[in-house]
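Have a look at the structure below, then the notes.
Just so we're on the same page: letters track the sequence lines, and every chain starts at 1.
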Number of protein chains: 2
Amino acid sequence: MPTDTTSPRASSGSRSLEHPARADIRLADVLHALADPVRLRIVCALAAAEGELNCADIELPVSKSTCTHHFRVLREHGVIQQLYRGTAKMNGLRRADLEALFPGLIDGVLRAAELQAGRLGQE
Amino acid sequence: MPTDTTSPRASSGSRSLEHPARADIRLADVLHALADPVRLRIVCALAAAEGELNCADIELPVSKSTCTHHFRVLREHGVIQQLYRGTAKMNGLRRADLEALFPGLIDGVLRAAELQAGRLGQE
DNA sequence: GCACTCATACGATAGGCGTCGTAGTACGGC
DNA sequence: GCCGTACTACGACGCCTATCGTATGAGTGC
């Protein structure tokens, strides 16, 4: 990054990432973000954790690069928030924003995912 | 249809279309089906109509072919049901199936779509 | 300072999807 | 029987996306 000489304090765990504002989150985008099995799994894990999770804390059947890609999709579509903390990147659901925009939607999806997992698991 | 001599009553509105069984409907597929603005519009219109709608009864900003494509996606992913009635094809939401599989999900999505429409409309 | 780890960026690839136009098929009415 | 209407099938096009491997940057600990 040759041109970035303007921010000398870019370190100390504050490499910041772009997130859409609450008002810019679109339903179709959120649904699209949730429509991938891998991402659905990520969201379920984050919801279950209730707190923040390291990227590597979620076991996924894809490579590291692909994992990064999915996290980015979720972030850019307003589903999760990410921030750096030292060497790790913590991820969390944007529950409050999503609930404000689409009340009940996320819980419905999470519940549906659980139900389906149970159904498919024991059949 | 040269080989179809087995069903003498194939007319009278019974060209039948393939629908997935309730047990074969997957959450990710449903979300994917709903993740397109055009399809979201179709689903909202069908939900508002409460009954069955002709394909052409829903105004869409796409060509006829594309329209057919979107209806097919919705049907093959288990979101709507379609059946021929004479020259027209009637469409209806598979509310009961979806509600049984993913309780509250569809209503959540529909409500979210309404809220967003209101928000975007008057801003 | 150096090595290690975490995560990213970039390039490449293959497949899917949304879009359209055109040609074709099924029904119903004249 | 013929035509108009409603929808479909098929092929094409461009874009987006999921996937990967490799190279790179940021931070931690020795």
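Among the nucleotides C/dG18, D/dA6, C/dC6, the one closest to the side chain of A/Asn54 is C/dC6. Distance from the side chain of A/Val62 is smallest for D/dC20 among the nucleotides D/dT5, D/dA18, D/dC20. Here the side chain of A/Ala56 is nearest to one of D/dA18, C/dA7, D/dA6, namely C/dA7.
Remark: A/Arg85 is not in phosphate contact with C/dC6, judged by side-chain N or O atoms under 4.0 Å from OP1 or OP2. For C/dA7, neither phosphate oxygen OP1 nor OP2 lies less than 4.0 angstrom from any side-chain nitrogen or oxygen of A/Arg72. Neither OP1 nor OP2 of D/dT19 sits under 4.0 Å from any side-chain N or O of A/Ser65. Regarding contacts with the backbone of D/dT19, a side-chain N or O of A/His70 is found under 4.0 angstrom from either OP1 or OP2. A/Thr66 has a side-chain polar atom (N or O) that falls below the 4.0 Å cut-off from OP1 or OP2 of D/dC20. Between D/dC20 and A/Ser63, a contact under 4.0 Å exists linking OP1 or OP2 to a side-chain N or O.
Using a distance-only test at 3.5 Å, with no hydrogens or angles considered, a donor-acceptor pair links the side chain of A/Asn91 to the main chain of A/Leu53.
Side-chain N/O atoms of A/Gln82 and A/Arg75 include a donor and acceptor closer than 3.5 Å. No side-chain donor-acceptor contact under 3.5 Å links A/Ser65 and A/Thr68.
In summary, B/Asp29 and B/Arg26 do not engage in a salt bridge, as defined by a charged side-chain N under 4.0 Å from a carboxylate O.
Nearest-nucleotide mapping onto DNA chain C: of A/Asn91 and B/His77, the residue sitting toward the 5' end is A/Asn91. Each of B/Val73 and A/Gln82 lies near DNA chain C, and the nucleotide nearest A/Gln82 is the one positioned closer to the 5' end.
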